[in-house]
Amino acid sequence: MKIKSILLGIGFAFLLGACGPKDADIQKEISAKLSDMPGVEVTVTDGVATISGTCENDFVKQSAETVIKGVKGVKSVVNNCQVPLPAPAPEVAPVEISPDAVLNTSVNDVVKAYSGVSASVVDGVVTLTGNIKREQLPALIKSIQEMKPKKVENKLTIK
């Protein structure tokens with residue numbers, strides 16, 4: 001009777017071992033299914049699949065987990081795949097505003113060419129006053145803006 005029980009136990013253990021896929025077979029199937037996901041690595045131990053490596057984004061990370069859960073013999077999935085942070089946005093150069101003394105000299109030199117126009121500079125703001133011909137206005141404004149003031153206030157009267 002004891003021998004029958006022992007043989008039955010050994011047979012039952014053998015059947016249990018033969019019924020489910022081996023970890024190596026599970027890992028081989030997973031590797032084949034994830035071949036299009038570079039950087040993703042999977043190890044299988046006792047039917048538990050552990051994902052590691054780097055996934056290019058969250059969608060790839062979730063996709064890998066979904067694929068692995070569909071493989072026969074996988075009991076659970078531990079997803080340790082890392083998703084890199086997005087690249088920082090390029091730094092934007094600060095706006096350069098010319099100092100009042102430089103602006104005042106430069107603006108007065110430009111304004112001399114326009115009869116009837118005067119300018120003042122306070123805290124980086126250039127204020128234009130006087131009279132100007134319509135066709136001269138765009139050139140004057142462009143010249144002043146190239147000097148990098150904080151703002152140009154146009155209070156000119158067009159003739």
Atom SG of Cys81 and atom CD of Glu56: how far apart are they, to the nearest 0.5 Å?
10.0 Å
Between the NZ atom in Lys69 and the CD1 atom in Ile30, the distance rounded to the nearest 0.5 Å is 12.5 Å
Hydrophobic cluster membership, Val60 vs Val83, 4.5 Å side-chain cutoff:
no
Do the side chain of Asn79 and the main chain of Ile51 share a donor and acceptor less than 3.5 angstrom apart?
no
Going by an N to O cut-off under 4.0 Å, is there a salt bridge joining Glu65 and Lys61?
no
Under the side-chain contact (heavy atoms from CB on, under 4.5 Å) rule, what do Asn80 and Thr50 come out as? Steps first, then yes or no, please.
CA-CA 7 Å; Asn80 293 333; Thr50 302; 3.7 Å; yes
Does Ser35 reach the main-chain N or O of Ser31 with its side chain, forming a donor-acceptor pair under 3.5 Å?
no
Once you round to the nearest 0.5 Å, how far does CD1 of Ile144 lie from CG of Leu103?
8.5 Å
Tell me, do Val74 and Val44 make a side-chain contact under 4.5 Å, heavy atoms counted?
no
When rounded to the nearest 0.5 Å, the distance separating SG of Cys55 from CE of Met37 is 7.5 Å
Between Val71 and Ile26, is a side-chain contact (heavy atoms from CB on, under 4.5 Å) present by the stated rule, with each step listed?
CA-CA 7 Å; Val71 173; Ile26 295 170; 4.1 Å; yes
Starting from Val110, can I reach Ile141 by hopping between I/L/V/M/F/W/Y residues whose side chains sit under 4.5 Å apart?
yes
Review item, side-chain donor-acceptor pairs of residues 146-153, under 3.5 Å, at least two apart:
from   : atom 1 : to     : atom 2 : distance (Å)
Lys150 : NZ     : Asp123 : O      : 3.4

Is there side-chain contact between Asn154 and Leu137, with heavy atoms separated by less than 4.5 Å?
yes
Atom pair NZ (Lys159) and CD1 (Ile132), whose distance is rounded to the nearest 0.5 Å:
9.0 Å
Mind checking whether Val125 and Leu140 sit in one hydrophobic cluster, side chains of I, L, V, M, F, W, Y counted as touching below 4.5 Å?
no
Where at least one partner belongs to residues 108-117, residue pairs that pass side-chain hydrogen bond (donor to acceptor under 3.5 Å, both in side chains), sequence neighbours excluded
Asn104-Asn108
Identify whether Ile158 and Leu128 are in the same connected component of the hydrophobic contact network (ILVMFWY, side-chain heavy atoms under 4.5 Å).
yes
Check Thr54 against Pro84 and note the closest heavy-atom contact, atom names and distance.
CG2-CD, 3.7 Å
Is a side-chain donor or acceptor of Asp23 paired with a backbone partner of Asp46 at a separation under 3.5 angstrom?
yes
Using a side-chain heavy atom cutoff under 4.5 Å and only I, L, V, M, F, W and Y, what cluster partners does Val48 have?
Val78
Between the CD atom in Gln27 and the CD1 atom in Ile68, the distance rounded to the nearest 0.5 Å is 10.0 Å
